[in-house]
Amino acid sequence: MRGGFYSRLAMTGIRRNKQLYLPYLVTCAVMVMLSYIICYLSQPAVVKSLKVGSGTLEQILTFGQWVMAIFSLIFLFYTNSFLMRRRNREFGLYSILGMNKGNIIKILLWETLLIAIISLVAGLALGILLSKLVEAALARLMGTVADFGMLISPAAILWTAATFAAIFLLIALFSLARIQLSKPLSLLHSETVGEKPLKANWVLAVLGVGALIFAYYTAANWADPTSAILWFLVDVIIVIVATYLLFLAGSVALCRLLQKNKRYYYKPNHFVSVASMAYRMKRNGAGLASICILSTMVLVTVTATTTLYIGIDSSIREVYPWDISIWASADTPADVTEENLQLLSSGIEDVVGDNADTYAACWLYTCTLWEQDGVLYTNYQLEDGYNYQLYQARVLSLADYNRITGQSVTLEEQECLVYSIGDNSYDSDTVEIPGVDTLTVKERPATFPELRDYVYNYESYTCLYLVVPDLMAYTDQIYTYELTTGTYDGYGSYRYYCLFNFATALSSQEQLDIQDGIYAVLAQTWPGSASVESKAEVRLEFLEFYGSLFAVGILLSVVFLFAAVLIIFYKQISEGYEDSARFGIMQKVGMTGREIRRSINSQLLTVFFAPLLLSGLHLFFALCLLWPLMQMNGITNRPLVLAVSGLCYLVYALFYGVVYKITSVSYYKIVSASA
């Protein structure tokens, strides 16, 4: 046979099964398009045009490329199994008519090649066409403006083409292996061979429920953000396994319980639907579990990225209390002269001018303290390293405290003021540090000026302020003791802090200009290390990170959404062909068309809305686990998180219902044609 014969047969097969192949081709093209767009946005030329240079955007988009490639491989393998199942009878007929497996393999190769070419050409064309639009949208998310020039990335085209060529090659090899190992008669009768009714495996059903309860419990009770990152991945795996166990074993057990309920089971609209579900629940359950997991992925991805992006401003306000934060650091007071301090202070005032409103400048000793048994240690040499409270300590002089607060507090030589920010409050009536004179706590102020350049959100990491009569004398004792005992860890340092808010609203560029001016003053007047941070600069960094994360989240959510829709569609089609004969028989024995329709509605509503309900539960407990991570990033507005998640779920539920309605029409047509 000539090569053109096989290509014509392949084209004919695709055209005859266009109801199956058209959604598959559209999905493949969309995945190619999104893969190209993500790869295009990560190119250095595009990153440069977006006027971001921290590397965050490129890292997130590169991660998105690999996620896209891995998911495309898994999902296209999964959906290809639906296509192969519907084509098995056709391939079996070819075998009966005299074709050998080699001929069928050639047809399959041509089909795969045609699908790959159509998907790549259409997907790359759409990707190139829409890439600039997505780039402009991403620039808007990050607060920048993209260049107007059209850019076609050969590197992105090559990456996308190579990735999907490899995916289609693997799919072809897998399909060929299945044909090679199958028998012609088994292919011919593959659609008429049903699955054996499964027995209710109560052990697996209980195991699935128990695993899900365990995952939910840990998610709801986990508060440590550093451990939550790792535990989130563990919880995801547990939830996925539990979901498959519930839909495979638990759904069969539920069907068996419904069959034992005679009042429910022996009704026309329940009898056929429950019997059908129990008969094929192995494949049905796997599909439903996949829909549930994909729905959860869409909801969690959209909710998390949207919340983080919307909460950028509140996050900045929470974490960075000052518009401008300046610190100049030195290892010892001797490293800085009074002349340098005066030059630094006057230079900053000249740059800021009349723009400063709230203003705080002081000389602090900053260190990390560990409290154990009422004693504060300046290093980590504790007898029991796990029985302690951790503080970020700030020690300032009484003179600076009075000047900043406008008070006239007095302290004796062995007295101090103590103020704690965070959950681990300092309760002792004395401040005792080895090698240093013990101080008595005279007062615990109800409020205290925020003298940190940024605020920690770790519950175990509390800021402890100590106000002492003579800062230099007190900290010299700490420094001398540590040098003498060999316990100096290098974490303690002397810092000059200058923190202020703007009196009037300034543009981002004006704030950045003031920041650059202060940097110039520091370079001229300060001999040690120094740093200047502004909310304007932080906001640009946040916009780059969360904007790119939001964009990748939306693009990946579109992929997950297409995957869920395609699985729903193929389930409706394949089950429609399987159920058509059953409903035809039931109609012949007296079941009316109205009763058949009610039975179909009962089956579809039971089957297709169970994943939506369970995905809502998954979303709620996933947010419980993500909440400490959001707090760590400055998102402390719980109502905002709940509102965004609720809105996302309602929108997705509406979309899910529309998809169900559209795909159920195809199911009704197939069933009605035979009934």
Side-chain angles (χ1 to χ4, degrees), residues 327-338 341 345 359-379 388-422 424-453 456 461-485 487-499 528:
W327 62 262
S329 180
D331 291 334
T332 66
D335 293 338
V336 181
T337 64
E338 198 65 39
L341 285 174
S345 179
Y359 186 88
C362 62
W363 183 237
L364 293 175
Y365 178 80
T366 63
C367 62
T368 301
L369 296 177
W370 289 267
E371 179 194 359
Q372 187 178 49
D373 300 327
V375 179
L376 294 172
Y377 294 84
T378 58
N379 54 68
Y388 63 83
Q389 288 185 345
L390 181 65
Y391 300 103
Q392 182 201 39
R394 302 282 173 109
V395 188
L396 72 155
S397 68
L398 177 63
D400 280 337
Y401 175 77
N402 284 335
R403 179 172 50 79
I404 293 171
T405 61
Q407 301 183 44
S408 300
V409 178
T410 59
L411 292 174
E412 298 295 331
E413 186 177 350
Q414 301 300 322
E415 290 182 334
C416 68
L417 305 180
V418 172
Y419 183 81
S420 301
I421 299 177
N424 296 335
S425 60
Y426 185 76
D427 300 326
S428 179
D429 292 331
T430 59
V431 175
E432 182 182 349
I433 299 177
V436 181
D437 294 337
T438 300
L439 296 178
T440 301
V441 178
K442 178 182 180 180
E443 185 182 345
R444 300 178 190 275
T447 60
F448 206 89
E450 181 56 78
L451 299 177
R452 290 181 291 174
D453 42 357
Y456 291 96
Y461 203 53
T462 304
C463 191
L464 177 66
Y465 286 104
L466 298 176
V467 179
V468 297
D470 188 341
L471 173 66
M472 296 306 171
Y474 190 71
T475 54
D476 275 348
Q477 291 182 54
I478 297 176
Y479 185 63
T480 303
Y481 174 78
E482 290 183 342
L483 289 179
T484 304
T485 58
T487 57
Y488 179 67
D489 55 13
Y491 289 111
S493 64
Y494 299 87
R495 290 186 177 184
Y496 175 79
Y497 268 83
C498 183
L499 313 163

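All figures in this text were calculated on a predicted structure; none of them were measured in a lab.
Summarising the geometry, atom CZ belonging to Phe448 is positioned 6.5 Å from atom OH belonging to Tyr465; distances are rounded to the nearest 0.5 Å. The line from CG of Leu390 to CG of Leu369 is 9.0 Å long, rounded to the nearest 0.5 Å.
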Scan the side chains in residues 407-418 for donor-acceptor partners under 3.5 Å anywhere in the protein, sequence neighbours excluded, and list what turns up.
residue: Glu415; atom: OE1; partner: Glu412; partner atom: N; Å: 2.9

In residues 428-437, what donor-acceptor pairs under 3.5 Å come from side-chain atoms, sequence neighbours left out?
residue: Ser428; atom: OG; partner: Thr430; partner atom: N; Å: 3.3
residue: Ser428; atom: OG; partner: Thr430; partner atom: O; Å: 3.1

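Between Ala446 and Tyr419, the shortest heavy-atom distance links the atoms O-CE1, 3.7 Å.
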- Under the side-chain contact (heavy atoms from CB on, under 4.5 Å) criterion, do Tyr365 and Leu471 qualify, and how do the steps go? CA-CA 8 Å; Tyr365 178 80; Leu471 173 66; 4.1 Å; yes

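Remark: side-chain polar atoms of Arg394 are not paired, donor with acceptor, to backbone N or O of Cys367 under 3.5 angstrom.
The ring-ring contact (aromatic ring centres under 6.0 Å, His included) search around Tyr474 returns none, not counting sequence neighbours.
Between the side chains of Glu371 and Tyr426, no donor-acceptor pair of N or O atoms lies under 3.5 Å.
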